[in-house]
Every structure is written in C-alpha cells, then in structure tokens.
Amino acid sequence: CHGCRSDDVFGGCRYCPIRACARRRGLTGPCTECASYPCLRMRLYRLVARLFSIEKKLPHQKSKPPNLARIAEVGQAAWLQEQQSVWACPKCSTPYAWYTEQCRRCGEPLSRLKGF
C-alpha cells in the first residue's frame with residue numbers, strides 16, 4: 001500500500017468513503033487540509049470502525065485520529081519530520097513500516113503496534 005491518496009492501496013481501502021471524499025474534493029494531502037475537517041464522515045467512520053472491530057483487524061487504523069490531530073496542530077511537513085524518528089529502528093535508525101517485527105538491517109525486535 002502506498003497510502004490513501006495513491007492508486008496502490010490495500011484492497012479493502014479501495015472503497016473507503018473518506019478516501020473517495022478526499023479524491024472528489026481534489027485533496028492531495030491529509031484531510032486536515034479540507035475546510036470541513038473534522039467532518040461528520042470522519043466521526044461516522046470512527047464509530048463504524050469500533051462497532052465492526054476494524055481496529056482489531058487493522059490496528060493501524062486506530063492511529064488515524066491522533067495523527068490527523070497532530071497534522072492539524074503542527075502541519076504536514078513537521079509531522080512527516082517527526083514520523084522519520086518514530087518509524088526508525090531504535091538501534092540502527094533503519095526505517096520500517098507497520099507490522100514489521102524485526103529490523104531488516106540489525107535484527108532488533110520492533111513494536112508492531114506502535115503503542116496502539
């Protein structure tokens with residue numbers, strides 16, 4: 001997956017109503033750039049995600065609200081800079097992604113759920 005704004009997304013995300021809304025509005029960045037943020041659609045998505053245990057199956061979904069809040073607070077560029085250190089191996093600084101259990105360079109065990 002290359003993220004919500006790309007054409008290469010996880011199969012279940014192809015039909016995400018939030019992704020479709022952002023595409024309709026021509027957003028190229030996060031939803032925080034939308035004049036309607038935070039909108040009813042975002043609140044409903046969060047409720048549905050909890051009701052259908054989506055966050056248990058895909059725990060990275062739980063990180064969306066705090067990430068969007070942080071982006072709204074500091075801006076996308078600063079948030080991306082922060083994420084470089086969040087998603088780097090604590091031992092050798094090699095970048096890694098969600099669900100990576102072990103650093104590909106040094107073998108250090110990594111937190112799968114990043115505190116969520």
Side-chain angles (χ1 to χ4, degrees):
C1 178
H2 292 257
C4 294
R5 303 296 181 261
S6 76
D7 289 327
D8 182 14
V9 294
F10 173 72
C13 296
R14 288 193 207 305
Y15 309 104
C16 172
I18 295 171
R19 180 175 182 262
C21 176
R23 290 173 81 105
R24 275 193 311 277
R25 292 172 183 249
L27 293 179
T28 56
C31 289
T32 56
E33 293 177 359
C34 181
S36 298
Y37 176 83
C39 64
L40 179 60
R41 182 174 278 117
M42 290 289 272
R43 288 187 213 113
L44 286 173
Y45 172 81
R46 191 86 175 114
L47 178 63
V48 168
R50 282 191 213 130
L51 287 173
F52 291 98
S53 300
I54 291 171
E55 293 171 350
K56 287 183 181 178
K57 297 172 191 164
L58 301 168
H60 65 276
Q61 295 294 324
K62 199 172 187 179
S63 69
K64 283 183 180 182
N67 282 339
L68 287 171
R70 184 68 179 153
I71 291 167
E73 181 182 334
V74 300
Q76 185 176 6
W79 179 81
L80 287 169
Q81 187 69 32
E82 292 172 358
Q83 294 303 295
Q84 288 181 358
S85 63
V86 169
W87 293 100
C89 172
K91 187 173 180 181
C92 72
S93 299
T94 299
Y96 69 96
W98 272 96
Y99 306 109
T100 303
E101 295 182 8
Q102 185 176 11
C103 178
R104 68 179 187 268
R105 180 183 290 163
C106 72
E108 180 78 4
L110 302 169
S111 171
R112 286 184 46 178
L113 302 180
K114 298 303 293 180
F116 294 100

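Note that the coordinates shown come from a computational prediction; the quantities given were computed from them, not determined experimentally. Numbers for residues simply follow the sequence, beginning at 1.
To the nearest 0.5 Å, atoms CZ (Phe10) and NE2 (His60) are separated by 7.5 Å. To the nearest 0.5 Å, atom SG of residue Cys92 and atom CZ of residue Arg104 are 8.5 Å apart. To the nearest 0.5 Å, the span separating SG on Cys13 from CG on Asp8 amounts to 11.0 Å. If you take SG on Cys34 and CZ on Arg25, they are separated by 4.0 Å, rounding to the nearest 0.5 Å.
The shortest distance between side-chain heavy atoms of Glu82 and Val74 falls below 4.5 Å. For the pair Arg105 and Cys89, the minimum side-chain heavy-atom distance is 4.5 Å or more.
A pairwise comparison of heavy atoms in Pro90 and Leu110 identifies CD-CD2, 3.9 Å as the closest pair. Contact between Gln76 and Pro30 at its shortest, heavy atoms only, is OE1-CD, 3.1 Å. The shortest heavy-atom contact between Pro59 and Tyr99 is CD-OH, 3.1 Å. In plain terms, the two heavy atoms of Ser93 and Ala88 that are nearest each other are O-CB, 3.7 Å.
Looking only at distances, a side-chain donor or acceptor of Arg19 sits under 3.5 Å from a matching main-chain atom of Ser6.
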In residues 38-45, what donor-acceptor pairs under 3.5 Å come from side-chain atoms, sequence neighbours left out?
unit_1	atom_1	unit_2	atom_2	d
Arg43	NH2	Pro38	O	3.1
Tyr45	OH	Gln61	OE1	2.6

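Hydrophobic cluster membership of Leu27, counting Ile, Leu, Val, Met, Phe, Trp and Tyr whose side-chain heavy atoms lie under 4.5 Å apart directly or via other members: none, as it forms a cluster of its own.
Of the residues Asn67, Leu68, Val86, the one that meets the side chain to side chain contact (heavy atoms under 4.5 Å, CB included) test with Trp79 is Asn67.
Using the six-membered ring where Trp is involved, Trp87 and Trp98 have ring planes that are tilted, between 30° and 60° apart.
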